[in-house]
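Below is one structure, written out as structure tokens; comments come after it.
We count ligands from 1, going down the list as the structure has it; atoms in each ligand are counted the same way. The structure presented is a predicted model; accordingly, all values stated were derived computationally and were not measured.
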Amino acid sequence: MSDKIENLLASLLRVKPRTKLRKTKSEMTNTGGEDVPAFSETDIQPEKVEMTTVQHPDGRMSQYPPTDKWDDWVEWDGKLWPQKVARRYTLVPTACFNCESACGLLAYVDKTTFEIKKFEGNPVHPGSRGRNCAKGPATHNQVYDPERILYPLKRVGERGEGKWERITWEQALTEIADKMRASRKKRQDGIMYHVGRPGEDGYTNRVISAWGVDGHNSHTNICSSGARIGYYLWAGFDRPSPDHANARTILLISSHLETGHYFNPHAQRIIEAKMNGAKIITLDPRLSNTASMSDVWLPTWPGSEAWLLLAIAKYMIDNNLYDRPFVERWVNWQESLQHADEMTANADLLDRIKSAGDSASFDLFHELMQDIYADFTFARSAEESQVPIERIEEAAEYVAQSKGQLASHTWRSASIGNEGGWQIARALYFLNVLTGSVGTKGGTAGNSWNKFVPKPFKTPPAFNAWNELHLPLEWPLAHYEMSFLLPHLLKENRGDVDVYFTRVYNPMWINPDGFMWLEALQDEEKIKCHVALTPTWNESAWFADYVLPMGHAGERHDIMSQETHAGQWIAFRQPVRRVALERAGKPVKFTYEANPGEVWEENEWWIELSAKMDPDGSMGIRQWFESPYRPGQIITVDEYYQWIFENSVPGLPEIAEKEGLTPLEYMRKYGVFEVIEENYQPYENPVADGKVADDGYVYKDNKLAGVAVNGEAKAGFNTPSKKLEFYSPTMAQWGWTEKEYIVPYPLQSHVHPDNIDINKGEMLLLPNFRLPTLIHTRSANAKWLYEISHKNPVWMNPIDAKRIGVRTGNLVRVETEIGYFVDKVWITEGIKPGVIAMSHHLGRWRLQDDIGLSRGASNVVDLVDKGEGHYQLNVLKGATAWESTDPDTSRIWWEEVGVHQNLTHGVHPDPISGAHCWLQKAHNVRKATADEKYGEVWVDTNRSMEVYYEWLAKTRPATQNSPDGMRRPYWLKRPLKPVPDAYKVPTDANVRKPTSEPEGTD
Ligand code: SF4
């Protein structure tokens, strides 16, 4: 169709002529963040080639350009159809950064303008197999977001005043390196790297180790530490890796299929299994899309899950339906019998165990299990969980029939929601143990078996330091740092921070008790310098001293591997414009030269910063950043990965050579490498050259390397006993000696029905489910995603709605223990009576209309410090359409962008796992009055500290409970472990006694 006719038609139809879309350029451009991209046209016609076809087990088929054409690919521009306009691309693989799954992406980079046309799936990626969720392709929105940060910024006004100046990278490097050098010379706990989305495996940890500081802080305690410690106590791995595709039964405690951890890679395999006849069981008080796809939906009262799981365990034990040979072979049942008196008061059984001594038989352990779980009848489980008994029986049958093929998963959900949530993960994995589904085909493995992390060229030694702000003595068993308590610990005068890096992390918005974070971030005595490394504006970056723009998925280097299935792979995230430029013979020194504006990447930033911190090498830092190929010279990012791919990835050099490529060229071409196709039951692997000693363990080179099983040297598990630990000696040794801590057992949640009186207007607020199209705090810069999901109403059952007298769309006021918020209500039978639920990723805000978060995704708010620790947030304006270089911003049709509920959540640090227990007791839920407005939030931070002290009082500190004078068990995980010496409890340690008046509070 000619442009003339098209224009005529367009004017008759009153739409914009299509030719306006045809933005064409014949030279290189770089418009990310400033304009919509322009693409070149080519006279070359698309070839007829055989496409790479992926036939999915559910019958669908996807096609991709064949890999030998990726360097030079021509296709019609589908957006201009029916016009036939050919575009010429170089296709560059990278890895998605919009959740933790690291799915493969393929960027279509224009060969002339070097603009990115789209991101599609990478068919050769073994985890994602060509497929993505909506968030993968939305990477394109993030690159061309008109409100992205393009240059390094330094604040010029007061912190939080919103006044910034553009600076050079050189200035940022110099000023920040100076502060770090000064700090490091004084102390080893003054620099803190607080990471939200890591999106890489080990790079930054190596950097922090090189600085010699205890500097790693993570978001894990608001995410997954509850589940992690539950798994770790069993087997010495802290994440499950279910082999969904081959499962007979899939048991999920979460909305896993729709938003789970390893979302797209797992979802596609769960559906594969379902197509092959697997049964899906889902525990969730909310009728999620996952629950609706399940064979059995068990809408448990939050916190009661362990009751239900252990009733299934009892059913299998009582009826001899469990895999007895497996349990006898791999569970520490002999050790459990030695401690039977800690688990039962049954005198007869104890007598018989005692008289049997070392020759006690497995039958006695069977009896012990029967005794421990005697109360866990289906009837009692139905009562506790408020689920019909028939549904529990049905689920029990499916689990019992799984025969070594039970794929199970819990990650956030109940494990992070409840006090004692870690025992829910432990009870869940008990079913894997009983069914013999541990690392089997169709079973559930450990993450470390299905994840491959290659070693870099030189590893700095462990540091000798301990930052009390990361792991205070009160939580000796916390799995990862007590990160969300940082403001509370600072307010107690437990320390301060010289240089605080937040990295893809928005602590004030994502953590509970955000106004405590507001106070901390404003306090220049406690947080002396705040550097926000972020691809997008966020609420916390507003209170930074430096805001440094870092790249999205197609703008940075990283290596990632995830346990998506029973194999191992590594993916190579790449800055796609840089790679395309280099393919075209245009050299790039630093990635910010190729990215939009001066957006950089952390890899190069950390190298340059660390080198500047120690320019003459006298601090011992520079040596870790010198090239292994050019002695004395600072390493390049190419050299860093070149060394890893040449030396640390088994099989890669050989495969690359077959194609006439170097290992680095291979990874740049394909973006991924499959290290092991299948990896089942590695604990059964023999220990080569291992010696079985008299103590029953296997040693190699004088180090513990395995365990003897029937006289054979086996690798075993990563626990002190090298077995699966039903009885946990660690729990008992560290002062948690009661039965409910040492074996899989339910703990009473803080939101148990006994604690919630519905007749008084109290309810349970479930605030921790996520919508499948949201990217934590980076969604706001992805317009396609925000158009799909932008509101987080309060889900409420019709029974409760009738009691309260509200209808869908009415405003409700939800009162928590520290404040309240006002939101609209959505009446649905998809939530359990007595429970209200609210998605946790919405309610973004900005303080200034014209700068900060996207105008289509955030409220303009008035943040009022009312004095005496009281804060209020009032919404002045919702989302609006606005004119920008992107025509889509003028098409914003929605106003509501949700309510920031996390501000009103008190902190609930679990006394064992340290996880923030997200579920909240809503003290009152009622219809809002006329003067209570949508989005309004009010909080009393004095109450925040009281709640913190209430939870602090539940702990059993290392000072009173450490069996060996150490701060925590050395075998438990830390992202960066110091030397054992640093674990010693200081002799002058003085653990704070809870009071209602924190030190330093007026
Ligand atoms: S599942 Fe995660 S990694 Fe995969 S495409 Fe979606 S957001 Fe990206």
Practice item. Check the side chains of Gln568 and Lys451 for a donor-acceptor pair under 3.5 angstrom, ignoring hydrogens and angles. Key: no
Review point. So is Ala102 in contact with ligand 1, going by heavy-atom distances below 4.0 Å?
Key: yes
**Study point:** Arg573 with Glu601: basic N within carboxylate O range, under 4.0 Å
**Key:** no
Study note, to complete from the structure: Note: ligand 1 atoms sitting under 4.0 Å from heavy atoms of Asn132 are 5 (S)
Check your understanding: Side chains of Asn264 and Gln268: do they bring a donor and an acceptor to under 3.5 Å?
Key -> yes
Review point. Which of the atoms of ligand 1 are close to Asn98, meaning less than 4.0 Å from one of its heavy atoms?
Key: 7 (S)
Exercise for review: Tell me, please, if Cys103 has any N/O/S atom, main chain or side chain, under 2.8 Å from atom 4 (Fe) of ligand 1?
Suggested key: yes
Point to revise | Stacked cation flag Arg556 on Phe97, 6.0 angstrom / 45 deg | key: yes
Check your understanding: Looking at Trp795, does the NZ or CZ of Arg286 lie under 6.0 angstrom from its six-membered ring centre and within 45 degrees of the ring axis?
Key -> yes
**Study point:** Element-labelled atoms of ligand 1 that are located less than 4.0 Å from some non-hydrogen atom of Asn264
**Key:** 1 (S)
Check your understanding: What's the shortest distance from atom 2 (Fe) of ligand 1 to any protein heavy atom, and which residue and atom give it?
Key -> Cys99 SG, 2.3 Å
Check your understanding: With a 6.0 Å cut-off on ring centres, are Trp606 and Tyr193 close enough?
Key -> yes
Revision key, fill the gap. If we number the atoms of ligand 1 from 1 as shown, the ones under 4.0 Å from a heavy atom of Lys135 are 7 (S)
Review point. Where is the nearest protein heavy atom to atom 6 (Fe) of ligand 1: which residue, which atom, and how far?
Key: Cys133 SG, 2.3 Å
Review point. To which protein heavy atom is atom 8 (Fe) of ligand 1 closest, and what is the distance rounded to 0.1 Å?
Key: Cys96 SG, 2.4 Å
Exercise for review: Find out whether the Lys NZ or Arg CZ of Arg239 is both under 6.0 angstrom from the six-membered ring centre of Tyr262 and within 45° of the ring's axis.
Suggested key: no
